[in-house]
Amino acid sequence: ASTADTERQALQASLISAQAEVRATRQAAGKLRADVRAADEALCAARAEMAAREADMQAEIDRLLAAENALVAELVAAQQATQKAQLGQDFLASLTNTYPSNVKIILEDVSVVP
């Protein structure tokens, strides 16, 4: 009976040890699941922040493109005004060369020439 008692005690100790190992493994698995959830939440937050930054950058790009387009439109308008002014000056010079006395009289009538 002594040998049977010893074996039973050894088996009980082994069972207690195995149960403790199972509990420790379950606790470690629970901690690992919590760590995975926290990492997943951090990843989701980082993705959301990245998406917000991308949206901000796209809005800034759109604003800069609109400003560039407005500047190009102003430049084109200024170039067209310059071309029209040059054409007017060229036409006036041509008239002045062709009809110098008539142009002087006309310009004096509209108060262009002092």
Side-chain angles (χ1 to χ4, degrees):
S2 168
T3 305
D5 285 340
T6 305
E7 284 181 25
R8 187 175 54 79
Q9 287 175 352
L11 285 174
Q12 282 181 337
S14 202
L15 177 62
I16 291 170
S17 174
Q19 288 172 338
E21 240 182 274
V22 167
R23 277 192 301 276
T25 301
R26 285 182 180 159
Q27 287 175 347
K31 183 182 179 327
L32 185 58
R33 280 192 292 274
D35 289 348
V36 167
R37 272 193 304 276
D40 189 46
E41 289 171 4
L43 180 61
C44 287
R47 284 181 177 153
E49 183 180 342
M50 189 169 58
R53 286 184 181 178
E54 286 176 1
D56 289 346
M57 285 189 294
Q58 187 60 51
E60 182 65 9
I61 288 169
D62 293 344
R63 185 190 70 75
L64 290 172
L65 286 173
E68 179 186 26
N69 290 339
L71 288 173
V72 167
E74 283 183 39
L75 177 63
V76 168
Q79 287 173 336
Q80 288 173 345
T82 301
Q83 288 172 347
K84 286 180 183 178
Q86 185 61 50
L87 287 173
Q89 287 177 347
D90 292 347
F91 179 69
L92 186 58
S94 170
L95 283 178
T96 303
N97 289 337
T98 307
Y99 309 103
S101 59
N102 293 345
V103 170
K104 184 174 181 184
I105 293 169
I106 292 169
L107 292 178
E108 286 172 350
D109 287 346
V110 294
S111 301
V112 174
V113 174

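Between Asp5 and Arg8 a salt bridge is recorded (basic side-chain N to carboxylate O distance below 4.0 Å). Comment: Glu41 does not engage Arg37 in a salt bridge, judged by the lack of any side-chain N to carboxylate O separation of less than 4.0 angstrom.
Each of Gln89, Gln83, Lys84 was compared with Gln86 under the side chain to side chain contact (heavy atoms under 4.5 Å, CB included) criterion, and only Gln89 meets it.
Judged by distance alone, with hydrogens and angles left aside, the side-chain atoms of Ser94 form no donor-acceptor pair with the main-chain N or O of Asp90 at under 3.5 Å. A donor-acceptor contact shorter than 3.5 Å is absent between the side chain of Asp40 and the backbone of Val36.
Note that CD of Glu7 is 10.0 Å distant from OG of Ser2, once rounded to the nearest 0.5 Å. Put simply, CG on Leu15 and CD on Gln19 are 4.0 Å apart, with the number rounded to the nearest 0.5 Å. Note that CD1 of Ile16 is 13.5 Å distant from CD of Glu21, once rounded to the nearest 0.5 Å. How far CG of Leu92 is from CG of Leu87: 12.5 Å, rounded to the nearest 0.5 Å. In this structure, OG1 in Thr6 is found 11.0 Å from CG in Leu11, a value given to the nearest 0.5 Å. Distance CG/Leu43 to CE/Met50: 8.5 Å, rounded to 0.5 Å.
Under the 4.5 Å side-chain heavy-atom criterion for grouping Ile, Leu, Val, Met, Phe, Trp and Tyr, Leu65 is not connected to Met57 through any hydrophobic cluster.
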Exercise. Before giving the answer on side chain to side chain contact (heavy atoms under 4.5 Å, CB included), spell out for Arg63 and Glu60 the whole-Å C-alpha distance, their side-chain angles and the decisive distance to 0.1 Å.
Key: CA-CA 5 Å; Arg63 185 190 70 75; Glu60 182 65 9; 2.7 Å; yes
